[in-house]
2 protein chains.
Amino acid sequence: MSGRGGSGPIGISHDARYRDASGANVIEALKAQCLRQRQLKAGEDLFGPGSQQNAIFVLIEGWTLLYTLLENGKRQILHFAVADTLLGLPPSKGTVSTFGVQALTRAVVAEIPHRRVRELVAERPGFALALAQSMARDTDLAFDLLTSIGRSPARVRVARLLLQLFVRAWSRLPGHGIEAVRLPLTQEQLGDATGLSSVHVNRVLHELKREGIAAFHYRRLRILDPDRLIDAAEIDPETLKSWIV
Amino acid sequence: MSGRGGSGPIGISHDARYRDASGANVIEALKAQCLRQRQLKAGEDLFGPGSQQNAIFVLIEGWTLLYTLLENGKRQILHFAVADTLLGLPPSKGTVSTFGVQALTRAVVAEIPHRRVRELVAERPGFALALAQSMARDTDLAFDLLTSIGRSPARVRVARLLLQLFVRAWSRLPGHGIEAVRLPLTQEQLGDATGLSSVHVNRVLHELKREGIAAFHYRRLRILDPDRLIDAAEIDPETLKSWIV
DNA sequence: CGACTGGTTGATGATTGTCAATAAGTGTGG
DNA sequence: CCACACTTATTGACAATCATCAACCAGTCG
């Protein structure tokens with residue numbers, strides 16, 4: 001950004017396939033601007049809710065989660081982010097972040113100061129548009145989760161999250177043949193993401209296993225019957241495809 | 001956007017105060033690109049979920065709501081949008097919209113073809129960045145609602161929505177002295193926005209009225225005790241301020 | 001002044017949360 | 001490789017929250 005009007009973007013964003021006008025990869029372009037990397041241990045916060053950043057981040061390696069905290073002590077997980085995801089910042093200058101980012105595994109992030117982002121935008125107009133589109137995708141994902149949590153029973157919510165996590169983990173695996181993936185999540189985290197208690201998540205997981213649909217146990221997710229899982233998740237195949245990174 | 005890489009943005013976005021590098025108002029800049037306006041009757045769809053648009057829209061007048069539909073026939077309201085709000089489109093070229101936009105009142109929208117948006121972006125780099133920031137705000141709002149629905153009981157959800165709607169309606173009123181506003185909503189719509197049944201919304205509204213906190217009755221919202229409403233909504237004043245347009 | 005939409009109320013039951021005690025799995029240091 | 005400490009998962013009993021159904025009432029609009 002060239003003038004006084006704005007600041008660094010952005011909220012969060014994903015996926016290596018957003019390209020600016022010249023076809024250059026947005027994520028790669030950002031990585032190239034990186035001054036320093038940060039190493040995170042599992043459980044460590046990249047930044048907390050209410051913090052103010054002067055940089056955006058690209059997740060290079062590992063899993064992270066976006067979350068908010070409530071007055072009543074509960075937590076809502078907003079998104080699970082994997083490598084090559086943009087983890088950004090507030091919607092206007094000086095805004096504090098409404099959410100926090102925490103590492104689920106050991107993770108590596110690139111830190112790109114807002115100033116660098118503004119330079120990139122000034123150099124390549126299409127870059128900012130790609131950022132905007134990336135943000136639009138984030139909004140869509142948030143809307144999707146919102147709909148799931150607001151209007152679906154527990155079983156559907158859990159099935160949907162498992163399916164989404166599986167698709168995203170599986171699609172970045174070298175050999176795509178396998179129907180089992182490793183997800184660095186606890187049942188409590190599944191609960192915080194679906195708006196359920198960990199106990200109830202456990203019950204639903206058992207139900208899904210008993211029915212031969214999917215089995216999640218100590219960080220290992222096996223899809224036993226993909227079709228019936230899609231059915232249980234009550235999503236249309238179109239939405240499913242949009243999850244494939 | 002100058003090259004082949006992108007398409008028209010965007011998701012949804014709000015608020016007249018986003019400015020691009022030259023300080024020009026993004027919403028106003030978009031309105032200036034408007035080729036034609038559309039008039040909507042109350043209840044009419046601007047576009048439905050799953051539709052494909054080749055334009056973005058700016059709400060000039062009236063109220064609209066963003067919504068999704070589920071297989072089980074239920075509806076989730078994602079956002080209530082007021083005048084000077086950007087109602088945009090999918091995160092990449094050819095994507096169908098995941099949500100629909102419906103008019104709550106008689107409404108007027110400006111239609112801006114994606115091509116025009118690309119021209120604007122090419123002319124003014126800061127414009128796209130302002131779009132991205134606007135999208136970031138949308139994401140924040142979605143996260144906020146997500147947290148509310150996922151992790152708060154009915155009373156808190158309803159109080160929070162009433163407070164947000166009041167603040168937004170009140171802040172665009174000429175005389176700011178009044179503690180009552182007109183909201184073009186039914187209890188069923190409050191339910192679809194909070195993930196509750198209309199019956200339960202009704203009960204919570206009664207509770208809030210009986211306690212002398214707030215009264216919503218046939219489209220008229222009166223705030224009886226602002227402090228206790230803020231308390232009931234379990235929000236911190238910082239978040240509240242961010243809602244003031 | 002109807003007709004219709006939207007709101008109100010009570011009874012009942014399903015879904016989900018909480019508590020608490022136990023078991024299973026994981027990781028670490030010897 | 002084993003013992004220990006710790007985290008995570010499992011299970012049952014019970015309670016709270018919220019949905020559904022159905023009948024009735026109130027307000028609004030033409």
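Just so it is clear, the structure is predicted and the values come from calculations on it, not from any experiment. Throughout, a chain's letter reflects where its sequence line sits, starting with A, and its residues are numbered from 1.
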Checklist entry - Which angle, to the nearest 10 degrees, lies between the helix axes at the two ends of the helix from C:dC1-D:dG30 to C:dG30-D:dC1, each defined by five pairs? => result 60°
Checklist entry - Of A:E234, A:H200, A:E211, which is the lone residue that meets side-chain hydrogen bond (donor to acceptor under 3.5 Å, both in side chains) with A:R155? => result A:E211
Checklist entry - Mapping B:R151 and B:E188 onto DNA chain C by nearest heavy atom, which one lands closer to the 5' end? => result B:E188
Next on the checklist: Both B:F216 and A:R157 contact DNA chain C. Taking the nearest nucleotide for each, which residue is further toward the 5' end?
Outcome noted: B:F216
Next on the checklist: Regarding B:L196, tell me which of base, sugar-phosphate or nothing describes its non-hydrogen contacts under 4.0 Å with the strands shown.
Outcome noted: sugar-phosphate
Next on the checklist: Going 5' to 3' along DNA chain C, between which two nucleotides do contacts with chain B fall, using a heavy-atom cut-off of 4.0 Å?
Outcome noted: C:dG6 to C:dA11
Item to check | Gap between atoms CD and C1', on A:E207 and D:dT10 respectively (whole Å) | outcome: 16 Å
Next on the checklist: Between B:F80 and B:L104, is there a side-chain heavy-atom distance shorter than 4.5 Å?
Outcome noted: yes
Item to check | Heavy-atom side-chain proximity of A:L224 to A:R222 below 4.5 angstrom | outcome: yes
Checklist entry - Expressed in angstrom and rounded to an integer, what is the separation of A:L221 atom CG from D:dA9 atom P? => result 13 Å
Next on the checklist: When you compare the side chain of B:R151 with that of A:N72, does any pair of heavy atoms fall below 4.5 Å?
Outcome noted: no
Item to check | Steps toward side-chain contact (heavy atoms from CB on, under 4.5 Å) verdict (B:L40, B:T105) | outcome: CA-CA 8 Å; B:L40 298 173; B:T105 63; over 6 Å; no
Checklist entry - A:T239 versus A:W243: any side-chain heavy-atom pair under 4.5 Å? => result yes
Item to check | Distance in angstrom units between A:L185 CG and D:dT7 C1', rounded | outcome: 15 Å
Checklist entry - Do A:K31 and A:D84 have side-chain heavy atoms sitting under 4.5 Å apart? => result yes
Item to check | Sugar-phosphate only, base, or nothing, as touched by B:G195 at under 4.0 Å among non-hydrogen atoms | outcome: sugar-phosphate
Item to check | Minimum heavy-atom distance A:Q39-A:E44, with the two atoms named | outcome: O-OE1, 4.1 Å
Checklist entry - Does atom CD of B:E111 have more than 12 heavy-atom neighbours from other groups under 6.0 Å away? => result yes
Checklist entry - OP1 or OP2 of D:dT10 sitting under 4.0 Å from any side-chain N/O of A:Q187? => result yes
Checklist outcome for this item: Nearest-nucleotide check on DNA chain D, A:H206 vs A:R219; residue mapping nearer the 5' end is A:R219
Checklist entry - Does any non-hydrogen side-chain atom of B:D225 lie less than 4.5 Å from one of B:D227? => result yes
Checklist entry - Given atom CZ of B:R75 and atom C1' of D:dA19, what is their separation to the nearest angstrom? => result 18 Å
Checklist entry - Any side-chain N or O of A:N202 less than 4.0 Å from the OP1 or OP2 oxygen of D:dA9? => result no
Checklist entry - Is there a side-chain contact (heavy atoms from CB on, under 4.5 Å) between B:L196 and B:R157 once you walk through the steps? => result CA-CA 9 Å; B:L196 300 165; B:R157 291 189 229 171; 3.6 Å; yes
Review item, nucleotides 20-24 of chain D N/O atoms under 3.5 Å of protein N/O:
from   : atom 1 : to     : atom 2 : distance (Å)
D:dT20 : OP1    : B:K74  : NZ     : 3.3
D:dT20 : O4     : B:R203 : NH2    : 2.8

